[in-house]
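Reviewing the structure listed below.
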Amino acid sequence: MSSEGTGGGEKPQMVITGERTVPGIWHENYWFRRHEVVYEALRDVVRDKLVLEAGCGEGYGADLLSREARSLVALDYDAYATGHVRSAYPQVPVVRGNLVALPYADASFDVVVSLQTIEHLWDQDAFLAECVRALRPGGTLVVSTPNTLTFPPGNIYHPKELEPAELRDLVGTHARVASLAGLHHGARLAAWEEQHGSLVDAQIAGPYEEWPAHVADVVRSVETADFVVREGDDADLAASLDLVVTARV
């Protein structure tokens, strides 16, 4: 099956199950771009570094980061996901492994990135301990997760979603939290919502085949520039869509 719509190029396409975000499908474009923007924001963090992506999913993020990193390994527990990465992104080294028992020696990486993964795990504490173990002294851990205060409830793949303070405290037991940022809609999507209401609610209100034209049109058009990552006093964590924590060891 080839990509359609937003992904560009010909490559195998994963089946949509609701467990992970997949590029190249027009009605998933909002969620894909919402995830992709955080990867884009990490280009400088991973540049010329030894990087592990823990929980790589479809692999688009590992592909993006690998262009900046000195070296990058993508890891996922799911055999379907790792097989897809090998096929779709053959230049990205990928390993099937347990996220709470990483198959790497202590101090193996400069940066560990894990985006939109921790909410899928039953033992989040053990996962973070493993990430920190695999980092070199002075290394960087970046974890993102949907903000349970604003994320639609009921995702069967999320055994434990986190509020801002929960995420900060959980990561802080293993490493020094340097920042906790919030992902928000940018000006264009905010203006759309002022006129039409919540874009997320509009998408989950019914099957995409039944979306009104104005919803379908905006979903198709979303780009990473339609989101902004805010830190410090501007983070507005309670209202953020996703949370991004950066920590040092």
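Keep in mind the model is a prediction, meaning the values are calculated, not measured.
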Pro207 backbone acceptor or donor facing Glu210 side chain under 3.5 Å
no
Considering only residues two or more places apart or on different chains, which pairs with a residue in residues 212-242 satisfy ring-ring contact (aromatic ring centres under 6.0 Å, His included)?
Tyr30-Phe227, His185-Phe227, Trp192-His214, His196-His214
Side-chain donor/acceptor of Asp76 to backbone N/O of Thr82, under 3.5 Å:
no
Indicate yes or no for a side-chain donor-acceptor contact from His184 to the backbone of Ala235 under 3.5 Å, with no hydrogens or angles considered.
yes
Of all heavy-atom pairs linking Leu99 and Leu121, the shortest is CD1-CD2, 3.9 Å
Taking ring-ring contact (aromatic ring centres under 6.0 Å, His included) as the test, write out the residues that go with His158, two or more places apart.
His120, Phe151
So if you build clusters from Ile, Leu, Val, Met, Phe, Trp, Tyr with side-chain heavy-atom gaps below 4.5 Å, do Leu72 and Leu115 land together?
yes
State whether the number of non-hydrogen atoms from other residues, nucleotides or ligands found under 6.0 Å of Tyr104 atom OH is greater than 12.
yes
Side chain Ser221, main chain Val218, donor-acceptor under 3.5 Å
yes
Validation: residues 237-244 side-chain donor-acceptor distances under 3.5 Å, sequence neighbours left out:
unit_1	atom_1	unit_2	atom_2	d
Ser240	OG	Asn147	ND2	3.3
Ser240	OG	Leu237	O	2.8
Asp242	OD1	Arg34	NH2	3.1
Asp242	OD2	Arg34	NE	2.9

Atom CG in Leu170, atom CD in Glu163: separation rounded to 0.5 Å?
13.0 Å
Check this for me, if you would: do Arg20 and Glu58 make a salt bridge, where the nitrogen-to-carboxylate-oxygen distance has to be below 4.0 angstrom?
no
Which atom pair, heavy atoms only, marks the closest approach of Met14 to Ala81?
CE-CA, 3.8 Å
Taking the side chain from Glu193 and the backbone from Leu199, do they hold a donor-acceptor pair closer than 3.5 Å?
yes
Can you see whether Ser108 engages Arg136 through a side-chain donor-acceptor pair at a distance of less than 3.5 angstrom?
no
Looking at CG of Leu52 and CG of Leu141, how far apart are the two atoms once the value is rounded to the nearest 0.5 Å?
10.0 Å
Sub-4.5 Å side-chain heavy-atom contact between Val171 and Leu180
no
Are Leu102 and Phe127 grouped together when hydrophobic residues (ILVMFWY) are joined by side-chain heavy atoms under 4.5 angstrom apart?
yes
How far does NZ of Lys160 sit from CG of Asp123, to the nearest 0.5 angstrom?
13.0 Å
Distance check, rounded to the nearest 0.5 Å: Thr21 atom OG1 versus Glu28 atom CD?
6.5 Å
Please list, chain by chain and in numerical order, all residues satisfying salt bridge (charged side-chain N to carboxylate O under 4.0 Å, His left out) with Arg70, sequence neighbours excluded.
none
Heavy-atom check, side chain of Val249 versus side chain of His174, under 4.5 Å
no
The reported gap from CD in Glu119 to OH in Tyr157 (rounded to nearest 0.5 angstrom) is 13.5 Å
Can you name the residues that form a side-chain hydrogen bond (donor to acceptor under 3.5 Å, both in side chains) with Arg168, not counting sequence neighbours?
none
Would you say that Glu40 contacts Leu64 through its side chain, given a criterion of any heavy-atom pair below 4.5 Å between the two side chains?
yes
Grab the two heavy atoms, one from Gly57 and one from Val85, that are nearest each other, plus how far apart they are.
O-CG2, 3.6 Å
For His27 and Trp211 the tightest heavy-atom approach is O-CH2, 3.6 Å
Using modelled atom types and a 3.5 Å cut-off, is there a donor and acceptor pairing between side-chain atoms of Asp236 and backbone atoms of Gly182?
no
Distance (rounded to the nearest 0.5 Å) between Ile204 CD1 and Ser198 OG
7.0 Å
Can you list every ring-ring contact (aromatic ring centres under 6.0 Å, His included) pair that touches residues 34-76, not counting sequence neighbours?
Phe32-Tyr60, Tyr39-Tyr60
State whether a side-chain donor-acceptor pair under 3.5 Å links Glu36 with Thr224.
no
Considering only NZ, NE, NH1 and NH2 on the basic side and carboxylate oxygens on the acidic side, decide whether Arg47 and Asp44 come within less than 4.0 Å.
yes
Are any non-hydrogen side-chain atoms of Glu68 and Val45 less than 4.5 angstrom apart?
no
So which heavy atom on Arg96 is nearest to which on Ala79, and how close?
NE-N, 3.7 Å
With a 3.5 Å distance limit and no angle check, can you tell me whether Gln124 reaches the backbone of Ile118 through a side-chain donor-acceptor pair?
yes
Hydrophobic clusters here meaning ILVMFWY residues chained together by side-chain heavy-atom distances under 4.5 Å, can you tell me if Leu42 and Val112 are in one?
no
Tell me if a side-chain donor or acceptor on Ser144 pairs with a main-chain N or O of Gln116 at a distance below 3.5 Å.
yes
I'd like to know if the side chain of Ser114 reaches the main chain of Ala54, judged simply by a donor and an acceptor atom lying under 3.5 Å from each other, with no hydrogens or angles considered.
yes
Exactly one of Val142, Thr140, Val111, Asp110 clears side chain to side chain contact (heavy atoms under 4.5 Å, CB included) with Val46, and that residue is Val111
What one should report as the nearest heavy-atom pair of Tyr89 and Gly59 is CE1-C, 3.5 Å
Taking a hydrophobic cluster as the set of Ile, Leu, Val, Met, Phe, Trp and Tyr residues connected by side-chain heavy atoms closer than 4.5 Å, whether directly or through intermediates, do Val132 and Leu75 fall within one such cluster?
yes
Are Val38 and Val51 connected in a single hydrophobic cluster, I mean Ile/Leu/Val/Met/Phe/Trp/Tyr linked by side-chain heavy atoms less than 4.5 Å apart?
yes
Note, Val219 side chain near Tyr208 side chain (heavy atom, < 4.5 Å):
no
